[in-house]
Amino acid sequence: NDLDAITITGNLDLDAAIANTTSISVSGTSNLGANVTTSSTQTYTGATTLSSGDRTLTGTTMNFVSTVAGGSNALAISGNLDLDGAATGLTSLTVSGTSNLGANVTTSGIQTYTGATTLSGGDRTLTGSTITITSTLAGGNNALVITGDLEIDDDATGLSTLSVSGTTDLGGDVTTSGTQTYTGAVTLSTGDRTLTGSTVNFVSTLAGGTNALTITGNLDLDDTASGISTLSVSGTSNLGANVTTSGTQTYTGATVLSTDVTLTTTDSNVTFSSTVDGDGTARDLIIDTNGNTGTILFDGLVGNSNDLDA
């Protein structure tokens, strides 16, 4: 039988596991030197420290009102996480349920958020080797900075901006009110992808995985894009690298070449609905449809503001 709720008015120094308890609430600081299992909530109001090894907290919702100091230990949350203070010094963090991230998280290794994740209380920075968000991400009109690699397996919405310093595996659509910046190599996985924002910047390579990519906003491409079925851009395009698709390429807004560019399709159309210019230096534009059925369509002036070379 479960024990009644445990309420600690003061500080907690835990050296042996707690189990079969309905809930625990600590008003002061907590030193967790053992695992805690409750059938309901756990609330740690003061600063929390993990000690003496990796820790597993099991309950309905684990609420950290203040900071979490990991002590170079891993933290596994079996249940939901409500984080209101910064978590640092963790080797890894895994959450089996939902996560409300009201503070930044720093790990030396992975972070895995299995349930729906919400950003609250301001802009958030997640620092780790790989940040995996398995379910939906609701940004709450906040910015998200990923310092490390990002693997996203469902849609991310309501973000002001998204910035990723490492590689990105996009297994869901991303919507921001502002910019999206992907510094490392980007891979599209598990289906066609739509990225919606003011400007979407790919600093490194883009591997399409035979999926379609729709950019709702402006495109800033700094490295090669390949393996895409189709590419469609609703805004302007700054093309600083080659693009290869098996199907169509559609550039709706003004297009600027910032290097010599080759656009390649397989018997499919390449459409420029607005102007095409160089960036002040004469640039080569080569379009290869690899067959007899692809059409190249220019609806705007070509080289009007800045000449193309060829």
Side-chain angles (χ1 to χ4, degrees), residues 160-164 168 170 173-188 192-208 211-310:
S160 59
T161 63
L162 173 63
S163 175
V164 185
T168 302
L170 291 177
D173 298 336
V174 179
T175 301
T176 58
S177 57
T179 61
Q180 297 177 32
T181 303
Y182 303 96
T183 303
V186 174
T187 301
L188 309 184
D192 300 338
R193 291 289 146 251
T194 298
L195 304 181
T196 302
S198 58
T199 297
V200 179
N201 180 203
F202 298 100
V203 180
S204 186
T205 56
L206 170 61
N211 298 300
L213 176 59
T214 299
I215 303 290
T216 303
N218 302 324
L219 169 64
D220 186 358
L221 182 70
D222 298 328
D223 208 333
T224 302
S226 60
I228 302 169
S229 60
T230 63
L231 174 63
S232 175
V233 184
S234 71
T236 64
S237 296
N238 177 34
L239 298 181
N242 300 334
V243 178
T244 300
T245 59
S246 56
T248 61
Q249 297 180 32
T250 304
Y251 303 94
T252 303
T255 298
V256 173
L257 309 183
S258 53
T259 190
D260 297 336
V261 170
T262 299
L263 306 180
T264 304
T265 71
T266 303
D267 284 319
S268 296
N269 298 345
V270 177
T271 302
F272 298 94
S273 299
S274 186
T275 57
V276 180
D277 284 296
D279 60 351
T281 299
R283 303 296 189 184
D284 292 340
L285 175 60
I286 299 171
I287 302 175
D288 185 1
T289 61
N290 277 311
N292 299 317
T293 61
T295 299
I296 303 168
L297 178 62
F298 294 96
D299 284 337
L301 296 173
V302 178
N304 183 57
S305 298
N306 292 292
D307 289 346
L308 299 185
D309 192 24

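Bear in mind that the values here come from a model prediction, so they are computed numbers and not experimental data.
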How long is the straight-line distance from OG1 of Thr236 back to CD1 of Ile215, given to the nearest 0.5 Å? 11.0 Å

Counting N and O atoms only, with roles assigned by atom type, does the side chain of Asp288 sit under 3.5 Å from a partner on the main chain of Thr264, one being a donor and the other an acceptor? no

Run the side chain to side chain contact (heavy atoms under 4.5 Å, CB included) check on Tyr182 and Val174 step by step: do they pass? CA-CA 12 Å; Tyr182 303 96; Val174 179; 4.0 Å; yes

Can you tell me how far CD1 of Ile296 sits from CD1 of Ile287, rounded to the nearest 0.5 angstrom? 4.5 Å

Test applied, side chain to side chain contact (heavy atoms under 4.5 Å, CB included); reference residue, Leu239; option that passes from Asp279, Leu285, Leu257: Leu257

Restricting to non-hydrogen atoms, name the atom on Gln180 and the atom on Leu195 that form the minimum distance, rounded to 0.1 Å. OE1-CB, 3.9 Å

Can a donor-acceptor pair be found, under 3.5 Å and without considering hydrogens, that links the side chain of Arg193 to the backbone of Leu170? yes

Return yes if some donor-acceptor pair links the side-chain N/O of Asp223 with the main-chain N/O of Ser204 below 3.5 Å, else return no. no

Asn242: which residues meet the side chain to side chain donor-acceptor pair (under 3.5 Å) condition with it, sequence neighbours left out? none

Considering all heavy atoms of both residues, which atom of Ser246 and which atom of Ser229 are nearest to each other, and what is their separation? OG-CA, 3.3 Å

Short side-chain donor-acceptor distance under 3.5 Å, Thr194 and Asp173: no

As an exercise, state the distance from CD1 of Ile228 to OG1 of Thr265, rounded to the nearest 0.5 Å. 12.5 Å

Considering the options Thr295, Thr289, Thr293, Asn290, which one meets the side chain to side chain contact (heavy atoms under 4.5 Å, CB included) requirement together with Asp267? Thr293

Can you tell me how far OG of Ser237 sits from CZ of Phe272, rounded to the nearest 0.5 angstrom? 8.5 Å

Would you tell me whether Asn201 and Asp222 have side-chain atoms, one donor and one acceptor, within less than 3.5 Å of each other? yes

Under the side chain to side chain contact (heavy atoms under 4.5 Å, CB included) criterion, do Thr168 and Phe202 qualify, and how do the steps go? CA-CA 10 Å; Thr168 302; Phe202 298 100; over 6 Å; no

Between the CG atom in Leu188 and the CG atom in Asn211, the distance rounded to the nearest 0.5 Å is 6.0 Å

Residues Gly240 and Ser258: closest non-hydrogen pair is CA-OG, 3.1 Å

So, for Ser198 and Thr179, which heavy atoms are closest and what is the spacing to 0.1 Å? OG-N, 3.3 Å

Considering non-hydrogen atoms only, spot the tightest contact between Ala241 and Val261 and give its length. O-CG1, 3.6 Å

To the nearest 0.5 angstrom, please state how far the CG atom of Asn269 sits from the CG atom of Leu297. 8.0 Å

Between Leu219 and Asn238, is any pair of side-chain heavy atoms under 4.5 Å apart? no

Member of Val276, Asp277, Asp284 meeting the side chain to side chain contact (heavy atoms under 4.5 Å, CB included) criterion with Leu308: Val276

Working for side chain to side chain contact (heavy atoms under 4.5 Å, CB included), residues Leu231 and Val243: CA-CA 9 Å; Leu231 174 63; Val243 178; 3.9 Å; yes

Which atom names give the shortest non-hydrogen contact between Ser234 and Thr252, and what distance separates them? O-CB, 3.5 Å

